[in-house]
**Student:** 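Here you go, one structure.
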Amino acid sequence: MCGIVGYCGPRVVSQVLIEGLRRLEYRGYDSAGISIADSQQFTTVKKTGKIKELSAAVPEDIQGLSGIGHTRWATHGEVNDTNAHPHLDGSGKVVIVHNGIIENYEALKSKLKSQGTVFVSETDSEVISHLIAQYYEGDLEHAVIKVLPLLKGTYGLAVMHTSEPGKIVGARNGSPLVLGIGDHEMFIASDVTAILQYTKEAVYLNDGELVAMTKDGYKTFDINNNEISKQIEQINWEIEQIEKDGFPHFMEKEIYEQVASIKRAFTGRLSLDTASGHLGGLDMLPQELHSIERVKIIAAGTSYYASLIAAYLIERIARIPATAELSSEVRYKNPIVERNSLYFAVSQSGETADTLYAMRELQRKGAKVLGVCNVVGSTIARESNGGVYLHSGPEIAVASTKAFTSQLTIFYIFTLILARMRHMAFEDGLEFIKGLQSVPSHIEQILSKTDELQSLARKYYKHTNVLFLGRGLNYPVALEGALKLKEISYIHAEGYSAAEIKHGPIALINEETPSLFIVPDDALRDKVISNMKEVKARKGPLIAFAVEGDTEVAEIADDVFFVPKANELMYPFLMVIPSQVFAYYCAIELGRDVDQPRNLAKSVTVE
Ligand code: F6R
């Protein structure tokens with residue numbers, strides 16, 4: 001989604017902004033722009049397309065005291081240079097960048113127009129610069145404070161005024177903003193990746209909070225202009241983690257990182273002595289864990305598919321009723337919060353609007369909601385009632401890969417804890433732990449033969465429809481495999497429970513529509529093989545991800561990719577990896593923009 005970066009200090013402002021915007025590219029955008037303030041005026045450059053085009057259009061000799069930049073992901077108004085941010089007021093004295101949506105902009109715009117204001121863009125954001133200009137009486141903080149109550153909707157905002165060069169005022173409501181503190185320099189951004197190369201000291205703004213900053217310091221305050229003292233937090237990500245490190249794409253790098261990221265997610269959280277696990281962040285006493293009667297998980301997209309697997313696993317292994325629901329649906333269904341239910345909000349970014357708002361709704365109704373997030377300091381992580389970090393490191397590719405397997409890891413540990421408190425025997429706990437600990441080396445084996453998946457992609461990338469089919473714990477893996485393929489290759493793909501095809505999707509089967517079956521050697525294997533035969537009888541091309549040594553599957557399928565034999569509960573980890581790699585290579589064959597697929601954003605901060 002949209003990204004913000006701002007800077008006050010002695011460096012070449014345009015370079016800091018362009019570099020920051022480049023770091024925000026991964027979030028998804030369609031145009032970008034910067035405004036730089038010298039002692040008298042702003043120089044503003046805006047461009048549709050990639051940051052390199054913006055960078056080429058920025059004059060080299062540009063001098064500045066401060067500046068703000070933005071990557072826009074269009075919501076109101078088409079993608080063009082005029083609609084790109086920053087937006088100025090008519091006199092050119094106020095400039096703003098805005099993330100979020102101003103829901104009442106039409107009413108504000110007509111009022112301003114009736115007073116003679118001329119609008120140049122079709123955006124909702126432009127009203128903000130005109131309003132601030134109207135309320136400005138020599139103090140930018142005051143003007144912003146007066147305007148914010150007029151705005152309905154969400155904003156992460158950064159503003160400058162020509163009369164106060166070198167100063168940026170920021171405000172947050174529903175769209176993240178973080179300050180970076182340097183030595184006689186200050187940064188503001190929607191995401192720490194934009195400022196990570198300059199500073200590790202961060203202050204996260206909460207909704208309703210503002211900041212005024214210059215190179216020499218900052219002041220945080222609320223809408224009533226009361227100063228607020230905020231804690232300075234250390235960013236624990238390294239700059240190398242947001243580089244490609246020799247890989248052609250972040251997605252491929254992140255697929256390979258899973259060997260290490262899964263290990264990181266379970267390290268220190270499993271105990272062979274107790275044959276159980278420990279998730280400190282849950283902050284729950286054993287009695288509280290004992291009294292859980294229901295687990296409910298909310299999430300979106302890939303995080304939702306990981307949550308579906310989690311819910312299956314919790315019911316099956318811990319024997320506690322568990323469900324996963326789309327957060328976008330939970331928010332508006334007036335959810336019932338039952339006693340002794342434990343809720344989880346699962347989100348890689350920790351900023352997904354649907355999940356955040358659903359979490360708040362559940363909390364209003366008395367729910368305890370634990371966060372499972374990757375981004376430290378993200379809104380869901382901070383507003384949840386406890387939780388666990390994935391520690392996957394930054395996930396830059398828009399298509400989520402390593403976060404999925406780390407989310408699974410966390411829920412596998414959580415299931416183990418619950419199961420061991422109830423009926424699971426010590427030996428079974430040890431088996432479960434050993435199974436989980438073997439996952440990274442099994443994934444290493446899978447990743448040593450990605451050439452097979454590349455050949456598979458070369459054979460199938462021209463097909464326009466693909467079905468992904470699996471059952472039980474691996475049914476959500478089929479959903480996730482289909483999502484990965486469609487989002488980065490734009491091949492239409494659907495995931496179904498293999499058992500469901502005869503209830504409709506089998507009508508799609510013909511020689512042109514391949515079906516990719518996920519066939520672990522579990523209790524449902526024979527049933528999945530029957531489903532494969534149903535497809536074969538209708539001449540549908542058959543791909544299978546199966547377990548080494550499964551000759552029966554190899555005989556039926558046109559193509560098979562084998563994963564190592566493992567504890568049967570661990571197959572979701574092992575089956576999702578080839579799905580990710582297959583999707584990656586299909587996208588490469590089709591020449592797609594793998595890391596930034598069209599129309600998609602990494603962090604979906606609008607509803
Ligand atoms: C798919 C993908 C999205 C996200 C979804 C939720 O590859 O990345 O479907 O999973 O937007 O994002 P988070 O996990 O940040 O809440």
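Worth saying up front: this structure is predicted, and the values here are computed from it rather than measured. Atoms within a ligand are numbered from 1 in the order they appear, just like the ligands themselves.
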**Student:** For ligand 1, find out whether one of its N or O atoms is nearer than 3.5 Å to an N or O atom of Lys602.
**Tutor:**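 No, Lys602 has no N/O under 3.5 Å of an N/O on ligand 1.
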**Student:** Tell me, which protein residue and heavy-atom name are nearest atom 10 (O) of ligand 1, and how many Å apart are they?
**Tutor:**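 Minimum-distance protein heavy atom for atom 10 (O) of ligand 1 reads Thr302 N, 3.0 Å.
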**Student:** Between Gln348 and Ser303, does any side-chain donor sit less than 3.5 Å from a side-chain acceptor?
**Tutor:**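 Side-chain D/A pair, Gln348 to Ser303: absent.
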**Student:** Could you tell me whether the side chain of Ser31 and the main chain of Ala84 form a donor-acceptor pair under 3.5 Å?
**Tutor:**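 The answer is no, because no donor-acceptor pair under 3.5 Å joins these two groups.
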**Student:** So, Asp595 side chain and His249 main chain: donor-acceptor pair closer than 3.5 Å or not?
**Tutor:**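 No; judged by distance alone, with no hydrogens or angles, the pair does not exist.
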**Student:** Please identify which atoms of ligand 1 are closer than 4.0 Å to at least one heavy atom of Ala399.
**Tutor:**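 Close to Ala399: 7 (O).
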**Student:** What protein heavy atom sits nearest atom 14 (O) of ligand 1, and how far off is it?
**Tutor:**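 Closest protein heavy atom to atom 14 (O) of ligand 1: Ser303 OG, 2.6 Å.
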**Student:** By salt bridge (Lys or Arg N to Asp or Glu O under 4.0 Å), which residues pair with Arg27, not counting sequence neighbours?
**Tutor:**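 Applying salt bridge (Lys or Arg N to Asp or Glu O under 4.0 Å) to Arg27 gives Asp191.
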**Student:** Please check whether Gln407 reaches ligand 1 - meaning an N/O of the residue sits under 3.5 Å from an N/O of the ligand, judged on distance alone.
**Tutor:**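 The answer is no, given that Gln407 and ligand 1 share no N or O pair closer than 3.5 Å.
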**Student:** Looking only at the aromatic ring of each residue, does the gap between the centers of Phe545 and Phe517 stay below 6.0 angstrom?
**Tutor:**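 Here the rings of Phe545 and Phe517 have centres that are no less than 6.0 Å from each other.
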**Student:** Answer yes or no: is there a donor N or O on one side and an acceptor on the other, between the side chain of Arg471 and the main chain of Ala498, under 3.5 Å?
**Tutor:**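 Such a contact is absent between Arg471 side chain and Ala498 backbone.
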**Student:** Within the structure, does Gly301 bring an N/O atom to less than 3.5 angstrom of an N/O atom in ligand 1?
**Tutor:**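 No.
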**Student:** Give the residue and atom name of whichever protein heavy atom lies nearest to atom 11 (O) of ligand 1, and the separation in Å to one decimal.
**Tutor:**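 Minimum-distance protein heavy atom for atom 11 (O) of ligand 1 reads Val604 CG2, 4.0 Å.
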**Student:** Give me the residue, atom name and distance of the protein heavy atom closest to atom 15 (O) of ligand 1.
**Tutor:**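 So the nearest neighbour among protein heavy atoms is Ser349 OG, 2.7 Å.
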**Student:** Go through ligand 1 atom by atom and flag the ones less than 4.0 Å from a non-hydrogen atom of Ser347.
**Tutor:**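 Going through ligand 1 atom by atom, the ones under 4.0 Å from Ser347 are 13 (P), 14 (O), 15 (O), 16 (O).
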**Student:** Looking only at non-hydrogen atoms, which of Ala300, Cys373, Ala299 approaches atom 6 (C) of ligand 1 most closely?
**Tutor:**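 Result: the heavy atom closest to atom 6 (C) of ligand 1 is in Ala300.
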**Student:** Would you check if the distance from the ring center of Phe573 to the ring center of Tyr412 is below 6.0 Å?
**Tutor:**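 Yes, the ring of Phe573 comes within the 6.0 Å limit of the ring of Tyr412, centre to centre.
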**Student:** Distance only, no hydrogens: is a donor on one side chain within 3.5 Å (strictly under) of an acceptor on the other, for Gln596 and Lys50?
**Tutor:**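 Result is yes, a qualifying pair exists.
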**Student:** Which residue and atom name correspond to the protein heavy atom nearest atom 16 (O) of ligand 1, and how close is it?
**Tutor:**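 Nearest neighbour among protein heavy atoms for atom 16 (O) of ligand 1, to 0.1 Å: Thr352 OG1, 2.4 Å.
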**Student:** Could you tell me the residue and atom name of the protein heavy atom closest to atom 7 (O) of ligand 1, and the distance to it rounded to 0.1 Å?
**Tutor:**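 Among all protein heavy atoms, the one nearest atom 7 (O) of ligand 1 is Glu487 OE2, 2.5 Å.
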**Student:** When the ring centroid of Tyr585 is compared with that of Tyr461, is the distance short of 6.0 Å?
**Tutor:**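 Distance test on ring centres: not under 6.0 Å, no.
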**Student:** Examine Thr355 against ligand 1 and note whether any of their N/O atoms are separated by less than 3.5 Å.
**Tutor:**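 Min N/O separation from ligand 1 is not below 3.5 Å for Thr355.
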**Student:** Side chain, backbone, both or neither: which applies to Lys484 and ligand 1 if a contact is any heavy-atom pair less than 4.0 Å apart?
**Tutor:**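 For Lys484, the contact with ligand 1 is made by the side chain alone.
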**Student:** What is the nearest protein non-hydrogen atom to atom 8 (O) of ligand 1, stated with its residue, atom name and distance?
**Tutor:**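 Nearest protein contact, heavy atoms only, for atom 8 (O) of ligand 1 is Val398 O, 3.2 Å.
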**Student:** Is the closest side-chain donor-acceptor distance between Tyr343 and Asn385 under 3.5 Å?
**Tutor:**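 Per modelled atom types, Tyr343 and Asn385 side chains form no pair under 3.5 Å.
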